[in-house]
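Here's the structure we're looking at; comments come further down.
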Protein chains: 2
Amino acid sequence: MFHVTIRKYQGGKYGRNMEGCIMPEITIKDIAKQCGVGISTVSRAINNHPDINPETKNMIMDVIKATGFVPNNSARNLKRIDAKSIAVLVKGITNPLFSDMIKVIEEETQKKKYSLVLKHVEYYEDEVDVALELVKEKRLRGIIFLGGYFLHSQEKIENLRVPYIFSTIGTAVPENISRVLYSSIAVDDRKESYAMTAHLIGLGHRNIAILSAESEINSIGQLRLEGYKDALSEAGIAFNERLVRQVEDDIEHYSMENGYITAKKLVESGEKFTAVFATADILAVGACRALLEAGMRIPEDVSVAGYDGIDVGKYYNPAITTVRQPVKDMAKTTIKLLFDIIAGRKSYEHIVFPAELIVRESTGTAKG
Amino acid sequence: MFHVTIRKYQGGKYGRNMEGCIMPEITIKDIAKQCGVGISTVSRAINNHPDINPETKNMIMDVIKATGFVPNNSARNLKRIDAKSIAVLVKGITNPLFSDMIKVIEEETQKKKYSLVLKHVEYYEDEVDVALELVKEKRLRGIIFLGGYFLHSQEKIENLRVPYIFSTIGTAVPENISRVLYSSIAVDDRKESYAMTAHLIGLGHRNIAILSAESEINSIGQLRLEGYKDALSEAGIAFNERLVRQVEDDIEHYSMENGYITAKKLVESGEKFTAVFATADILAVGACRALLEAGMRIPEDVSVAGYDGIDVGKYYNPAITTVRQPVKDMAKTTIKLLFDIIAGRKSYEHIVFPAELIVRESTGTAKG
DNA sequence: TTGTAAGCGTTATCAT
DNA sequence: ATGATAACGCTTACAA
């Protein structure tokens with residue numbers, strides 16, 4: 001590590017003087033004074049109001065540019081009754097599916113001349129609390145929740161007096177809240193997980209290990225585990241508890257590293273299996289590596305299946321069989337629904353999208 | 001797509017009544033009235049000020065909980081002179097390196113009892129404009145820029161009167177701005193790229209293709225290309241323009257898909273090569289897939305090297321040789337430096353971190 | 001077309 | 001310990 005330059009802070013440069021006191025920011029008032037006009041005229045210039053003399057406006061804009069004045073958004077939001085904006089609250093920014101959804105939502109929001117507030121919510125934060133604050137602060141017209149568990153009290157969520165939609169990619173839809181209070185866009189995790197497991201069974205697999213990431217009831221992880229059990233029992237295969245492997249709790253649940261560690265432990269446990277169903281592609285990648293390192297060939301010795309349909313599964317070697325969630329369609333529907341509700345064309349809606357089973361190179365007929 | 005439930009919006013539920021008019025939000029005034037106290041007392045209760053009767057406070061807090069009152073942040077920010085908060089402006093949220101950096105920055109910020117504003121900047125947005133707004137709105141004490149190009153005017157950036165740091169992971173440090181105005185934390189892209197290329201040359205490779213993602217001068221992509229040229233000329237290998245492959249411009253530059261397409265085109269071009277240096281791991285993954293599909297073995301027939309040190313390279317099959325950027329250390333140094341500047345212990349600093357060449361399975365001696 | 005003034009919902013400064 | 005009241009920086013009637 002090379003320190004190229006160091007110099008002591010001299011003060012005055014950073015909006016605080018030598019004593020650490022805050023220097024006054026430049027305001028609309030200063031601009032008005034400097035232009036010799038009233039503040040409302042400046043305001044009109046900024047917000048390009050129709051009734052203002054173009055010359056006056058130009059003059060003001062020049063001064064604004066020269067001084068580098070930027071209006072204070074807090075003051076604006078405070079005063080403005082209507083901001084034409086919506087927010088996306090993202091819990092777990094790591095999820096690669098979210099990026100795609102956000103991109104779509106951004107585009108559609110812009111088309112509607114709305115502005116989008118994107119807010120990242122920490123794992124330990126309560127997303128409804130954050131939403132509550134944001135609604136007041138930014139005068140939001142609607143909210144989309146991406147990620148999180150949603151076991152919130154109906155009482156609390158009722159305070160959120162704008163339309164909100166839960167997008168169930170990595171989000172368990174609240175079971176404890178009246179369904180007329182909210183909207184949701186989801187994939188039937190249990191059903192799709194069932195489909196994948198059934199596919200594996202159809203390939204002749206009997207000992208299918210499953211890598212599961214959550215134990216909370218109604219969580220995505222549990223739902224996918226249920227689907228796995230459904231397929232097993234339908235095929236008359238006894239459920240073997242030892243083939244259910246929970247990922248490590250002390251590192252990021254949905255990560256390649258966790259898939260690797262968990263699969264490695266599975267191998268070392270000595271339990272017999274001919275297929276591994278990782279309930280997320282990102283886990284599948286790590287799992288593949290662990291299996292490969294253990295000297296197993298995929299899919300000749302062991303089949304590996306994922307879930308989600310993220311890019312990496314397609315480019316991995318071998319390409320990983322997966323359940324693709326139609327994220328773009330879901331995002332489009334989500335944003336359309338939100339604007340429908342805002343416009344009063346609908347009240348709420350619960351939509352379930354079908355996922356797509358994509359068979360790639362990582363799954364094959366059971367050995368022996 | 002199954003529509004489970006549809007009902008017409010009845011109004012009244014969402015902070016707007018039937019006519020679409022906004023319903024008044026509950027304010028501190030309402031709480032004061034309902035509690036039979038003055039508003040300043042409520043304010044004291046909310047901000048747990050010392051001089052308030054515990055009983056009064058409890059009573060007020062009960063009412064607040066019951067009514068679901070949430071203070072308006074815009075009003076708070078407007079009035080508050082000092083917020084003890086800093087911001088991270090992220091351009092290109094897709095970069096997996098950023099997540100790690102942000103995590104570290106978040107932790108350290110919390111330790112200092114500061115709050116962190118995380119702001120996602122669109123590709124087409126000017127990050128300095130966004131920063132300027134945010135500084136006023138949130139009374140920020142400092143800013144960290146992650147991603148972006150930074151060819152900003154000194155004039156404009158001088159208006160940013162809080163300390164700011166450019167973290168050069170996916171960011172080209174501004175060359176056109178006086179170095180005393182800002183701080184930077186970086187890896188020497190040219191040098192590290194040189195090192196990787198030299199490693200490949202040491203393995204006997206002479207025809208090394210390079211996958212490059214940007215053509216802007218001083219961009220990360222260009223710097224890495226320069227390093228490649230440096231190594232070539234040092235080894236007395238003639239530079240072959242046809243081995244330099246720019247990624248597709250109309251899709252996301254740094255993506256597996258783009259690595260795949262670009263490598264595929266390289267193969268189809270018929271140009272001879274025994275190694276591919278992808279200037280980002282994410283490109284390397286796509287490139288590997290394309291090479292594999294073309295029937296080449298890695299590293300027996302062709303070596304592949306990446307850059308960045310992201311997780312996927314470690315778990316890919318084969319594991320990808322890379323230049324690891326010490327993101328966590330860099331993040332730690334970044335946040336420490338920012339707080340040093342805020343506290344007046346330093347003025348500015350330019351720090352260059354060494355990267356680490358990690359040789360994995362994807363590179364080997366040149367064929368033939 | 002322009003200026004004046006009344007808020008927006010807080011916090012901070014006074015008195016009390 | 002508590003309550004008025006004046007800002008904070010802006011938008012928006014309303015008046016000119």
For A/Y114, all residues meeting ring-ring contact (aromatic ring centres under 6.0 Å, His included), sequence neighbours excluded
A/F339
Does A/K138 have more than 12 heavy atoms from other residues, nucleotides or ligands lying within 6.0 Å of its NZ?
yes
From NZ of B/K33 across to P of D/dT2 the rounded distance in Å is 20 Å
Strictly distance-based, threshold 3.5 Å: is any side-chain N or O of B/T109 a donor or acceptor partner for the main-chain N or O of B/L116?
no
Residue-level proximity of residues 69-77 of chain A to DNA chain D when a heavy atom falls under 4.0 Å
A/F69, A/P71, A/N72, A/A75, A/R76
Whole Å only: how far is the NZ atom of B/K29 from the P atom of C/dT10?
10 Å
Specify the separation, in whole Å, of atom CZ of B/R80 and atom P of C/dT13.
14 Å
For A/N73 and A/R80, does a side-chain donor sit closer than 3.5 Å to a side-chain acceptor?
no
Residues B/N53 and B/R44: side-chain donor-acceptor under 3.5 angstrom
no
Just call it for A/S43: base, sugar-phosphate, or nothing, with non-hydrogen atoms closer than 4.0 Å on any strand.
base
Nearest-angstrom distance from the residue atom CD of B/E25 to P of C/dC8
13 Å
Pull out every protein N or O sitting under 3.5 Å from an N or O of nucleotides 2-6 of chain C, one pair per line with the distance.
unit_1 : atom_1 : unit_2 : atom_2 : d
C/dT2  : OP1    : A/T56  : OG1    : 2.6
C/dT2  : OP2    : A/N53  : N      : 2.8
C/dT2  : OP2    : A/T56  : OG1    : 3.2
C/dG3  : OP2    : A/G38  : N      : 2.7
C/dG3  : OP2    : A/T41  : OG1    : 2.4
C/dG3  : N7     : A/S40  : OG     : 2.8
C/dG3  : N7     : A/R44  : NH1    : 3.4
C/dG3  : O6     : A/R44  : NH2    : 2.4
C/dT4  : O4     : A/S40  : OG     : 2.9

B/N47 CG to C/dT10 P, straight-line distance once rounded to whole Å
10 Å
Distance-only, no hydrogens or angles: does the B/E137 side chain make a donor-acceptor pair with backbone N or O of B/L134 under 3.5 Å?
no
Protein-nucleotide distance (B/N48, atom CG; C/dA12, atom P), rounded to Å:
13 Å
Donor-acceptor contact present, side-chain B/H120 to main-chain B/L89, <3.5 Å
no
Angle class for the B/Y164/B/Y182 ring planes (parallel below 30°, perpendicular above 60°, tilted otherwise)?
parallel
When rounded to whole Å, the CG to P distance for the pair A/D30 and D/dC10 reads 9 Å
Check the surroundings of atom NZ in B/K332: do more than 12 heavy atoms from other residues, nucleotides or ligands lie under 6.0 Å from it?
no
d(CD, B/E55; C1', D/dT2) in whole Å:
15 Å
